[in-house]
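Structure first, then comments.
So you know, we letter chains A, B, ... as the sequences are listed, proteins then strands, and number each from 1.
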Protein chains: 2
Amino acid sequence: MPGPGRPRAFDRDAALRTAMRLFWDRGYEAVSITDLTAAMGIGTRSLYTAFGSKEQLFREAVALYSSGSGTEGFCDLPTARETFESWLRDRADGYTRVDRPRGCMVVMAATNTSADNDAVRDLLAQMRNRDREMLTARLERAKRTGEVAEHVDARAVASFYLSLIYGMSTQAKDGYTAADLAAVVDTAITAWPHLVT
Amino acid sequence: MPGPGRPRAFDRDAALRTAMRLFWDRGYEAVSITDLTAAMGIGTRSLYTAFGSKEQLFREAVALYSSGSGTEGFCDLPTARETFESWLRDRADGYTRVDRPRGCMVVMAATNTSADNDAVRDLLAQMRNRDREMLTARLERAKRTGEVAEHVDARAVASFYLSLIYGMSTQAKDGYTAADLAAVVDTAITAWPHLVT
DNA sequence: TTATTTGTGCATCGAACGCTACACAATTAG
DNA sequence: CTAATTGTGTAGCGTTCGATGCACAAATAA
């Protein structure tokens, strides 16, 4: 139900998706407004009318990205091992899709920021930190059910697997194939029983 | 033995070290010439006279960085396990030093680059790739000596540990303590015997 | 001395940055 | 219809980007 006013002449969702791809591929500061408007097929003014600012557009792009690849869903799987294994495999696959930018947007899109844009860097850092808490909590829960031994350092094991995830983003950007990353995940999962008992 | 011409009024090595710190901390594109001259305490013209261009200065900074933290040295240790363990511990320690930028310059300093600076990104990608080849070769060597079982996928195991190294850079930037990363390394080393037999 | 060479400070270049003022177009509300 | 509201295109804002031209300073060489 559109109110009064001239209707938008482009598909906002499609334009946002395009912007997300660009930010995902190059990072926040490396994508210019000109890059965005060219790829989205709209004028500068339309971008600002629809999205407010470059930073707000980026925040929306990140929200769109994470809506399609949240870590929460994996935590509901019956065992911690299933949580970690399917989460790792899903990421390894997602990072090497031919139809998408490589690696993880949350890990890669704001690593090099000038002082003006620390807020953007911090946004992604907070999202990474939430994953850390989430996965640590999942392991703590597994300790209560007995799946994971009492003496295990849940935070250390969660950090260990997170480190792999972060690293696989760099590797995906470096051209590692889906099979390469799958082999990394296989190796990581081989270690699981020896880390939780 | 200085030739003719006015002598340089600043310490070139110290200035290069300062530039390295800046690039290491913020990344290539996020550091401006103004940032550099301010931190180095020299004028724009002196920077260009001494270093040529921003890209050449960056390349020198990377060379200085890698001269102090090459992976080669670890490969000479008697066993592959020592190579990987001391290499991991050295990195985990180096990424969390209070007197240095966090994380690894080669991993973090050129992840977000606009199309103009792909050469800089590729420079670091090549250095990462050399490490991959070096560590894979070290494991192949260990297979010949019998330390590592024949059936082991050397490339996969090397990639697995490299992924951890890359990930620890992100974690160091996220504020993980030296103890946090040491725990990640402990976890990774716990897995070693189960990955090579 | 004079010629040559190299470094420095100042002023600034053209280009790109994120962003916006303004006039106008296109819609709904009354 | 008119009024109100919102989107679009052009043209350009002020700033910063990496890099330079030029006059001068400070050294060596002859």
Give [X] one of three labels, base, sugar-phosphate or nothing, depending on what nucleic acid heavy atoms sit under 4.0 Å from its own.
X	value
B:Thr44	base
B:Phe51	nothing
B:Ser32	sugar-phosphate
B:Arg45	base

>> Between B:Arg6 and A:Pro7, which residue's closest nucleotide on DNA chain D lies nearer the 5′ terminus?
In response: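 Closest to the 5' end, via its nearest nucleotide, is A:Pro7.
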
> If each of A:Gly5 and B:Asp35 is mapped to the nucleotide of DNA chain D with the nearest heavy atom, which maps nearer the 5' terminus, i.e. the 5' end?
Replying inline: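 Whichever sits nearer the 5' end wins; that is A:Gly5.
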
> When you check the phosphate oxygens OP1 and OP2 of C:dG18, does a side-chain N or O of A:Ser53 lie under 4.0 Å from one of them?
Replying inline: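 For C:dG18, neither OP1 nor OP2 has a side-chain N or O of A:Ser53 closer than 4.0 Å.
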
>> Is the phosphate of D:dG7 approached by A:Ser46 (side-chain N or O, under 4.0 Å from OP1 or OP2)?
In response: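 No.
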
> Which residue, B:Ile42 or B:Pro4, contacts DNA chain C at a nucleotide closer to its 5' end, judged by nearest heavy atom?
Replying inline: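 The residue closer to the strand's 5' end, by nearest nucleotide, is B:Pro4.
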
Take the protein atom [atom1] of [X] and the nucleotide atom [atom2] of [N], then report the distance between them rounded to whole Å.
X	N	atom1	atom2	result
A:Asn117	D:dT15	CG	C1'	14 Å
A:Asp116	C:dC19	CG	P	11 Å
B:Leu47	D:dA19	CG	P	9 Å
A:Tyr28	C:dG18	OH	C1'	9 Å
B:Gln56	D:dG18	CD	P	15 Å
A:Ile33	D:dT8	CD1	P	15 Å
A:Tyr48	D:dC13	OH	P	17 Å
B:Phe10	C:dT6	CZ	C1'	12 Å

>> Less than 4.0 angstrom from a charged side-chain N to a carboxylate O is my criterion; do B:Glu60 and B:Arg12 meet it?
In response: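 Judged by the 4.0 Å cut-off on N to carboxylate O distance, B:Glu60 and B:Arg12 do form a salt bridge.
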
> Do B:Arg97 and B:Asp93 sit within salt-bridge range, that is, some charged N less than 4.0 Å from a carboxylate O?
Replying inline: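 A salt bridge links B:Arg97 with B:Asp93.
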
> Are side-chain N/O atoms of B:Glu82 and B:Thr79 paired as donor and acceptor at under 3.5 Å?
Replying inline: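 Result is yes, a qualifying pair exists.
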
>> Within the 3.5 Å criterion, strictly below it, is a donor on B:Gln171 or B:Asp180 matched to an acceptor on the partner's side chain?
In response: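 On atom types as modelled, these side chains do not qualify, holding no pair under 3.5 Å.
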
> Given the rule in the salt bridge (charged side-chain N to carboxylate O under 4.0 Å, His left out) test, do B:Glu133 and B:Arg155 qualify, once you have shown the distances and angles that lead to the verdict?
Replying inline: CA-CA 8 Å; B:Glu133 300 306 329; B:Arg155 200 168 182 74; 3.4 Å; yes

